[in-house]
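Here is the structure we will look at.
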Protein chains: 2
Amino acid sequence: MTMATKYDRIADDLREQIAQGTLRPGQQLPPETALRDRYRVSLVTMRRALDELAAEGLIEKRHGYGTFVRKPRQRVVRDASRHQWEKERARLPHAERFGTGATERDTGLEMKDLDFRADYSVTPASEDLAEIFGVPAGTKLLKRVYRTKPKSEEYPLGLGQSLLVYDVVAENPHLLDSANEPWPGGTQAQLYTIGIELGRIREQIIARPPSASEAEQLGIDSGVSVFDLRKISYDINGRVVEIADTVLAGDRTQLVYNIELDRWQ
Amino acid sequence: MTMATKYDRIADDLREQIAQGTLRPGQQLPPETALRDRYRVSLVTMRRALDELAAEGLIEKRHGYGTFVRKPRQRVVRDASRHQWEKERARLPHAERFGTGATERDTGLEMKDLDFRADYSVTPASEDLAEIFGVPAGTKLLKRVYRTKPKSEEYPLGLGQSLLVYDVVAENPHLLDSANEPWPGGTQAQLYTIGIELGRIREQIIARPPSASEAEQLGIDSGVSVFDLRKISYDINGRVVEIADTVLAGDRTQLVYNIELDRWQ
DNA sequence: GAGTGGTCTAGACCACTGT
DNA sequence: CAGTGGTCTAGACCACTCC
């Protein structure tokens with residue numbers, strides 16, 4: 001066994017107590033000064049040990065209030081079958097689509113339990129985005145920023161943004177007005193009104209620490225990860241129709257994908 | 001504008017210089033003591049600013065040697081189509097399978113460029129695992145721990161563990177001996193030898209901070225996220241055949257899934 | 001106002017690297 | 001060996017939260 005640093009040994013000790021249940025979820029730890037005295041180290045060293053645990057998401061420090069053992073959070077399962085599910089509902093009459101968006105399906109909540117906000121704007125396509133859409137750089141894009149928050153929670157599940165080619169969507173002027181949100185049935189129901197059927201969806205996922213602004217908006221501290229998910233929707237002709245970027249709180253989300261395999265001959 | 005801390009302003013300044021190219025990838029930064037004098041702060045504060053940048057992966061500190069601007073890390077794309085691809089190769093003759101595992105496909109490297117290690121052991125099934133496998137708790141499982149590392153890199157891409165029901169695999173004694181690893185073509189080729197064809201794969205993904213041990217093994221800072229991916233393999237009869245857990249460095253990996261949608265009638 | 005965590009300092013000493 | 005980053009200290013003062 002190699003010699004560990006003081007802060008590592010202190011962090012190990014506290015980790016162990018959390019694992020054993022000696023320190024329970026939600027419980028407040030003694031003040032840093034008290035812990036410093038208990039472990040007979042300097043305050044800086046004691047704080048460093050606590051910072052390690054905070055980075056692992058095991059404890060949560062609240063400035064001016066105290067340090068607490070983190071409660072493991074219930075994760076919302078986001079199953080990729082949501083896309084097929086949404087597609088099948090896109091052509092249903094309004095009444096049947098109502099209150100049955102993909103988010104509602106994931107969370108088990110109804111639309112009346114959710115606070116919904118959408119902000120529309122128009123933006124020129126950057127080089128990167130234009131290449132994905134297969135259009136010239138600078139092409140007008142409709143940018144829609146979404147926030148969906150369960151009324152029972154303080155913070156949204158994720159920060160979402162969707163991009164569509166403006167001239168494509170403009171065929172149906174209703175789609176250009178955020179006042180028509182939430183649109184029951186979601187984006188695929190909207191695309192149906194302009195004759196677009198999706199054939200394939202590609203999802204690219206990155207895991208990273210949140211930026212300061214994301215941490216604040218999602219109500220997580222910097223010791224938690226986020227999913228950074230880009231969804232690219234292709235119509236049945238292979239044209240890119242939508243690019244949607246979503247940032248999901250890592251401690252509240254689980255992603256699920258099912259891959260069907262072709263049979264051997 | 002809110003007042004920032006000293007270390008934030010120093011980190012911002014250095015971030016800017018890296019972004020502008022004033023500091024170039026691979027370039028060595030001045031010693032901490034010199035930077036401390038330049039920014040007129042204490043050594044602790046200076047180090048904290050550098051630690052921020054290290055956590056973001058912008059710089060790399062080498063004990064006793066120096067601090068360097070990091071060359072941007074390339075993300076290995078792990079596309080879920082690897083499973084279908086692997087399946088099609090599972091029945092090929094040994095020579096054609098050789099050097100064509102899914103990891104090699106992801107990284108573009110050949111088997112000779114990879115260091116590979118596998119440790120086999122036998123373990124009784126916990127309640128949770130037994131339920132997924134659909135067997136009684138305590139059933140013997142073959143546990144295989146994998147490490148795959150590009151020879152050109154210092155650290156492995158991921159930490160992997162695979163579980164199989166022992167009595168199922170025992171039909172082919174070769175599969176019980178880690179000395180036969182790496183098995184060209186991967187697990188599906190191994191399962192083929194005992195007459196098992198996979199029909200479906202389910203992947204469940206979580207994003208979280210690494211534990212101290214994971215951070216060390218993967219060579220990432222505790223300020224980087226990891227993917228925690230569980231792959232459950234079903235045979236063509238719907239029976240669970242394998243449960244594989246993998247921890248992937250978040251700053252070196254991108255996950256990709258393609259979802260084909262059924263046509264409207 | 002009392003109690004908590006956050007920032008910052010000046011300086012000692014240790015551990016690692018390359019020549 | 002010289003030069004670098006890593007650990008640790010004792011103590012001052014600031015900023016936030018709650019009552």
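Every heavy atom of this structure was used, including side-chain atoms; hydrogens, water molecules and symmetry mates were not. Proteins come first, then strands; the chains are lettered A, B, ... in the order of their sequence lines, and each starts at number 1. Just so we're clear, the structure is a prediction, and the values are computed from it rather than from any experiment.
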Exercise. Residues from residues 35-43 of chain A sitting under 4.0 Å of DNA chain C, heavy atoms only?
Worked result: none
Problem set entry | side-chain N/O B/K6 vs C/dT9 OP1/OP2, d < 4.0 Å | yes
Problem set entry | Partner residues of A/R24 under the side chain to side chain donor-acceptor pair (under 3.5 Å) criterion, sequence neighbours left out | none
Between the protein and nucleotides 17-19 of chain C, list every N/O to N/O distance that falls short of 3.5 Å.
from   : atom 1 : to    : atom 2 : distance (Å)
C/dT17 : O4'    : B/G64 : O      : 3.4

Seminar exercise, completed: Sequence neighbours excluded, the answer for side chain to side chain donor-acceptor pair (under 3.5 Å) partners of A/E16 is A/Q20
For this session: Answer whether the closest heavy-atom distance between the side chains of B/L142 and B/E242 falls below 4.5 Å.
Result: no
Exercise. Which pairs, with at least one residue in residues 39-53 of chain B and sequence neighbours excluded, count as a salt bridge (Lys or Arg N to Asp or Glu O under 4.0 Å)?
Worked result: B/E32-B/R47, B/D51-B/K61
Exercise. How would you list, by chain and number, every residue that makes a salt bridge (charged side-chain N to carboxylate O under 4.0 Å, His left out) with B/R15, sequence neighbours excluded?
Worked result: B/D12, B/E56
For this session: Tell me, please, which residues at least two apart from A/T253 pass side chain to side chain donor-acceptor pair (under 3.5 Å).
Result: none
Seminar exercise, completed: Residue pairs passing the ring-ring contact (aromatic ring centres under 6.0 Å, His included) test with at least one member in residues 18-67 of chain B, sequence neighbours excluded, are B/Y65-B/F68
For this session: Please work out if B/R47 contacts a base, only the sugar-phosphate, or nothing of the nucleic acid, heavy-atom cut-off 4.0 Å.
Result: base
Problem set entry | Any B/T5 side-chain nitrogen or oxygen under 4.0 Å from OP1 or OP2 of C/dG6 | no
Problem set entry | Residue pairs, two or more places apart or on separate chains, that pass ring-ring contact (aromatic ring centres under 6.0 Å, His included) and touch residues 106-126 of chain B | B/F116-B/Y146
Exercise. Any side-chain N or O of A/T33 under 4.0 Å from OP1/OP2 of C/dT4?
Worked result: no
Exercise. Nearest of C/dT7, D/dT9, D/dG6 to any side-chain atom of B/Y7?
Worked result: C/dT7
